Amino acid sequence: MRRLGLLAVASAITLVLGATSPARALIVFDPNNYVQNVLTAARELQQINNQITSLQNEAQMLINQAKNLVRLPYSSLQQLQSSIQRTQQLLAQAQRIAYDVQQIDRAFSTSYAPATSSQSDQLLISNAQARWQNSYAATQDALRVQAGIVSNLDTNRVQTSALVTSSQGASGALQATQAGNQLLALNAQQLADLTAVVAAQGRAQSLEAAQRASAQDQGREQLRRFLTPGQGYQSSNVQMFH
């Protein structure tokens with residue numbers, strides 16, 4: 001009986017193996033499954049392409065940021081400072097009555113003060129001479145400042161050309177900004193030169209006007225002394241500086 005049972009089990013196993021072997025050998029094509037696999041692969045490929053594009057954009061952004069941080073290789077600062085210093089030196093070399101409030105106050109309380117009867121003839125003459133010398137020196141100073149600023153024009157022209165070229169060839173925002181700032185500094189320096197010219201010319205004109213006003217006042221005082229009996233005024237001392 002035991003032997004018969006073993007034979008039955010063996011027979012069953014043989015039948016099962018005989019039934020499953022042909023099923024393994026058969027290949028079945030499922031079009032729906034194939035389409036799904038292709039779509040899945042396409043989506044994965046698209047995701048990879050998107051990632052590559054994103055990395056490329058990030059790389060370009062980093063390159064642009066690096067360009068924006070590059071400093072402008074050209075600087076006009078030293079030339080602008082030199083031009084301003086030359087103009088300042090010319091103004092500082094002003095003769096006699098300089099650009100100083102205390103000096104101006106002292107001069108107008110002495111040389112340019114109204115003529116009075118208590119002043120001697122010699123003092124009137126000395127004041128007239130001082131006023132004429134002030135006007136002469138101021139005119140010379142104004143011409144020197146004008147000459148100095150004219151000499152700055154060629155330097156400014158070279159700097160303007162270089163800065164415009166640098167601005168047009170700027171590789172990033174920082175370079176363009178720096179070029180623009182230097183152009184603004186150049187404009188400020190030119191305005192400073194213009195201010196210096198106006199100041200020097202105005203000084204000369206003001207001293208000339210003050211000289212004429214004082215000369216007229218002194219002339220009236222000299223005429224009064226000449227016409228007043230007993231003044232002991234010597235006509236040989238009459239000197240007018242216009």
Side-chain angles (χ1 to χ4, degrees), residues 79-157 159-160 184-242:
Q79 294 294 334
L80 294 179
Q81 289 178 336
S82 297
S83 297
I84 291 174
Q85 288 175 356
R86 284 195 297 269
T87 303
Q88 288 177 332
Q89 288 173 356
L90 289 172
L91 292 174
Q93 294 170 1
Q95 306 170 76
R96 300 182 68 84
I97 301 178
Y99 301 94
D100 182 87
V101 175
Q102 293 181 349
Q103 286 188 7
I104 294 172
D105 289 342
R106 284 195 299 268
F108 276 80
S109 65
T110 55
S111 301
Y112 294 89
T116 62
S117 58
S118 61
Q119 294 175 330
S120 65
D121 294 340
Q122 186 60 40
L123 180 59
L124 293 177
I125 294 172
S126 177
N127 287 341
Q129 290 176 335
R131 292 191 297 268
W132 179 85
Q133 291 171 352
N134 291 339
S135 296
Y136 181 86
T139 301
Q140 183 183 16
D141 292 338
L143 291 174
R144 293 178 73 248
V145 170
Q146 292 172 6
I149 290 174
V150 168
S151 69
N152 287 339
L153 293 178
D154 188 62
T155 300
N156 293 341
R157 178 187 61 79
Q159 297 303 315
T160 301
L184 290 176
L186 177 59
N187 289 336
Q189 182 264 322
Q190 292 172 333
L191 286 175
D193 279 354
L194 179 60
T195 302
V197 169
V198 172
Q201 186 65 31
R203 171 174 172 262
Q205 292 175 350
S206 296
L207 289 175
E208 177 65 22
Q211 177 198 1
R212 292 183 179 277
S214 296
Q216 292 177 357
D217 178 71
Q218 181 174 322
R220 286 192 293 269
E221 174 60 22
Q222 289 175 327
L223 180 60
R224 185 192 66 78
R225 293 183 185 185
F226 180 77
L227 297 177
T228 301
Q231 288 288 326
Y233 185 79
Q234 300 295 325
S235 60
S236 60
N237 289 332
V238 177
Q239 297 187 29
M240 300 291 290
F241 292 85
H242 294 283

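Small disclaimer: the values here were computed from a predicted structure and weren't measured.
Listed by first and then second residue, the salt bridge (Lys or Arg N to Asp or Glu O under 4.0 Å) pairs that reach into residues 192-207 are Asp141-Arg203, sequence neighbours excluded.
The salt bridge (charged side-chain N to carboxylate O under 4.0 Å, His left out) test applied to Asp105 returns no partner, not counting sequence neighbours. For Ala188, the side-chain contact (heavy atoms from CB on, under 4.5 Å) test picks out no residue, with sequence neighbours left out. Residues passing the side-chain contact (heavy atoms from CB on, under 4.5 Å) test with Gln146 are Leu143, Val197, Gln201, sequence neighbours excluded. In terms of the salt bridge (charged side-chain N to carboxylate O under 4.0 Å, His left out) criterion, Asp100 has no residue partners (sequence neighbours excluded). By the side-chain contact (heavy atoms from CB on, under 4.5 Å) test, Ser135 pairs with Leu207, Glu208, Gln211, sequence neighbours left out. Residues meeting the side chain to side chain donor-acceptor pair (under 3.5 Å) test with Arg144, sequence neighbours left out: Gln93. With sequence neighbours excluded, the residues satisfying side chain to side chain donor-acceptor pair (under 3.5 Å) with Gln133 are Arg96. Residues meeting the side-chain contact (heavy atoms from CB on, under 4.5 Å) test with Leu223, sequence neighbours left out: Leu227. Evaluation of the side chain to side chain donor-acceptor pair (under 3.5 Å) rule for Gln88 yields no partner, not counting sequence neighbours. Residues meeting the ring-ring contact (aromatic ring centres under 6.0 Å, His included) test with Tyr99, sequence neighbours left out: none. In this structure, Gln190 has no side chain to side chain donor-acceptor pair (under 3.5 Å) partners at least two apart in sequence or on a different chain.
Side-chain contact between Thr155 and Gln189 is absent, with no heavy atoms from C-beta onward closer than 4.5 Å.
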Evaluate side-chain hydrogen bond (donor to acceptor under 3.5 Å, both in side chains) for Arg86 paired with Ser83, printing each intermediate quantity in order.
-> CA-CA 5 Å; Arg86 284 195 297 269; Ser83 297; 3.2 Å; yes

Could you walk me through whether Gln102 and Arg106 pass the side-chain contact (heavy atoms from CB on, under 4.5 Å) test, one step at a time?
-> CA-CA 6 Å; Gln102 293 181 349; Arg106 284 195 299 268; 3.9 Å; yes

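Under the 3.5 Å distance criterion, the side-chain polar atoms of Gln218 are matched with a main-chain donor or acceptor of Leu124. Side-chain atoms of Arg131 never come within 3.5 Å of backbone atoms of Tyr112 as a donor-acceptor pair (strictly under, hydrogens ignored).
Heavy atoms only, all atoms of each residue included: Asn127 and Thr110 are closest at ND2-O, 3.8 Å.
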